[in-house]
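Here is the structure we will look at.
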Amino acid sequence: MSVDHSLLDPPKLPFEPLIERNAVITEQPWVRWLLTALALVFLSAFLLLPLVSVFVEALRGGVHAYFAAFKEPDALAAIKLTLLTAAIAVPLNLVFGICAAWAIAKFEFRGKQILITLIDLPFSVSPVVAGLIYVIIFGAQGWAGPWLAAHDIKIIFAVPGIVLATIFITFPFIARELIPLMQEQGQDDEQAALSLGASGWQTFWNITLPNIRWGLLYGVLLCNARAMGEFGAVSVVSGHIRGKTNTMPLHIEILYNEYAFSAAFAVASLLALLALLTLGLKALVEWRHADELAATRRH
Amino acid sequence: MDIHIRDVSKRFGAFRALRDVNLDIASGELIALLGPSGSGKTTLLRAIAGLESIDAGQIKFGEEDAARLPVQGRRVGFVFQHYALFKHMTIGENVAFGLSVRDKRHRPAAAEIQRRVQELLELVQLPGLEKRYPNQLSGGQKQRVALARALAIEPRVLLLDEPFGALDAKVRKDLRRWLRALHDRTGYTTIFVTHDQEEALELADRIVVMNRGGIEQSGSVDELYEHPATPFVFDFLGSTNIIEADVLGRRLVHQQKEIATLHDSIHPNGPVDVYVRPGDLRAVEANSPGMDVFVRWVQRTGPIVRAEVNLSGTETVLTVELPHLHHDVPLFKADARLRLRMMQFSLYPRGSRLPSRSVVEPPILIGRERERARLS
């Protein structure tokens with residue numbers, strides 16, 4: 001075989017690039033196409049179509065009617081209450097979540113398994129039941145009812161009840177996100193910092209928090225999405241007082257029941273937009289920090 | 001800083017991780033804690049660092065009782081097996097960490113910290129890398145950064161947990177020599193944990209062999225090889241042949257045949273286990289004392305020729321190892337019959353054999369029979 005290459009030739013691969021097309025372990029082309037198509041059809045029918053229809057319905061009456069739906073005082077109050085609820089519930093669950101994850105990942109103690117199960121409770125209990133729990137405790141006929149009435153504190157059918165129910169429902173999101181991440185990271189970094197003379201607070205602030213920051217952000221986004229969208233538990237404790245204890249999801253329901261479809265879908269589209277924004281941020285975080293999040297793939 | 005460990009015990013639930021450990025470490029010594037996994041060596045290291053509490057006993061740094069100090073107050077440099085570098089900080093920030101977290105009164109000025117970082121990175125031969133991040137470095141480089149970070153606080157003692165465990169063989173060897181040279185230059189009292197006996201032998205001034213939470217023996221390489229205190233030490237430091245035999249006066253008898261003559265008479269009559277290394281067996285003439293064997297097979301692995309032999313008339317199998325140029329090698333042919341002599345061996349009471357050391361504890365009889373080669 002003659003060799004007529006020159007060193008000045010552009011480099012060539014001696015063989016085809018290794019694109020894996022191993023016929024033994026890969027399905028037939030038609031199987032692959034079929035599976036992909038099935039998945040796409042399913043997604044379109046059950047996710048994309050409803051989402052698009054929300055916006056289509058919202059804009060059916062024209063842009064003017066769309067924005068008019070938000071000018072209504074009750075709608076504005078509902079948006080405010082939703083944002084307020086999320087603004088209280090998310091930071092609190094941030095703190096609780098970090099505490100719980102820290103305790104579970106970094107310490108050995110009796111009842112740890114019970115704590116993990118308890119954290120999952122809001123996931124497994126129906127939201128309606130969660131709401132009822134608060135009614136039983138704080139309601140007028142509830143355990144703490146007379147005492148609360150005597151001190152003129154309103155929890156059920158008021159903002160505190162809505163916040164409490166939301167905190168309960170969204171509690172697992174941040175803790176669940178952090179526990180596997182912190183367990184995988186172990187304690188070496190923290191112990192190294194301590195042995196170098198850092199105090200507990202310095203270690204948490206300089207070492208632990210940066211190590212979990214992307215998982216934490218991810219958890220906060222999920223928690224926030226649920227806090228704004230929660231319906232069941234909030235519906236039980238809210239009392240549906242217009243302009244006072246209606247959150248966006250409750251407001252949408254009321255509008256819908258009153259056949260104000262255009263307004264209902266307008267508010268729904270805002271909620272959907274917030275969800276899409278959250279999803280977009282989540283995708284961005286995932287894309288930028290895929291490896292750091294790999295440990296948390298559970299949902 | 002010299003360190004004194006007195007009667008230190010530690011339990012994890014029902015598991016006794018450390019049992020009454022006593023150890024004195026002189027200032028500037030380089031010590032290896034050697035043992036299998038679960039032997040308590042890492043627990044002891046972490047207890048010295050303050051990363052593990054102890055249930056009983058004392059750990060003293062010089063005259064100071066360190067057991068009452070929290071980990072931050074002990075000023076120990078601890079290097080973790082997987083380095084534990086702070087991923088989100090640059091190499092420079094990592095090395096500076098111990099200095100920059102000090103409170104204002106004790107913190108050096110920023111310029112001084114920078115100077116120290118430069119100096120330490122030069123010491124570990126990684127100058128100019130302070131702007132990089134840990135994931136841009138190789139394993140060996142990370143290990144050296146971890147060491148620089150630990151040295152930054154001018155520790156009273158340097159503790160290394162399996163320092164080379166996560167590195168490949170070549171890097172491991174280089175880094176070992178480098179660490180030895182660094183120790184000779186800086187003189188920090190250093191304790192490292194390893195399960196690799198070769199690593200311990202090559203690097204340490206003194207080796208502490210641990211097993212089941214206790215110290216089996218501590219001493220120089222020579223002491224450990226020449227006077228292994230227990231069957232465990234003998235076995236852990238290399239491959240081992242074990243022959244069940246009986247002491248009868250000055251004779252060592254295996255299945256009615258004399259296999260060796262004892263030259264000192266401290267051994268009471270009775271059953272013993274004879275421990276002999278494969279490299280301490282040599283062929284001798286037929287009329288000199290020794291044991292008759294039958295060669296089953298011979299195999300060369302690199303520079304070592306390994307043979308498996310049967311003690312004649314018994315089922316006992318021994319392994320023999322010879323350097324490939326040794327003049328005995330031609331004698332070892334499959335099916336050959338020859339006479340072997342144990343040039344060096346240890347006697348332990350029967351039943352002290354591994355892993356049932358706890359049955360007879362401590363060993364009631366430590367014997368050693370040594371005779372240097374007198375082969376022409």
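Chain A is the first sequence line, chain B the second, and so forth, proteins listed ahead of strands; every chain is numbered from 1.
With a threshold of 4.5 angstrom between heavy atoms, B:R46 approaches chain A through side-chain atoms but not through N, CA, C or O. Proximity to chain A (any heavy atom under 4.5 Å) is shown, for B:L99, by neither the backbone nor the side chain. For a residue to count as touching a neighbouring chain, one of its non-hydrogen atoms must lie under 4.5 Å from one of that chain's; by this rule A:Q191 touches chain B with backbone and side chain alike. For B:A150, the part lying near chain A is the backbone, with the side chain staying farther off; criterion is any non-hydrogen pair under 4.5 Å.
Using bins of under 30°, 30° to 60° and over 60° for the plane-to-plane angle, the ring pair B:F15/B:F12 lands in the parallel bin. Between A:W201 and A:W205, the ring planes lie parallel to each other; the angle is under 30°, not in the 30° to 60° tilted range. The aromatic rings of A:F171 and A:F96 sit tilted relative to each other, their planes meeting at an angle between 30° and 60°.
Closest approach of B:R19 and B:R212 over heavy atoms only: NE-O, 2.8 Å.
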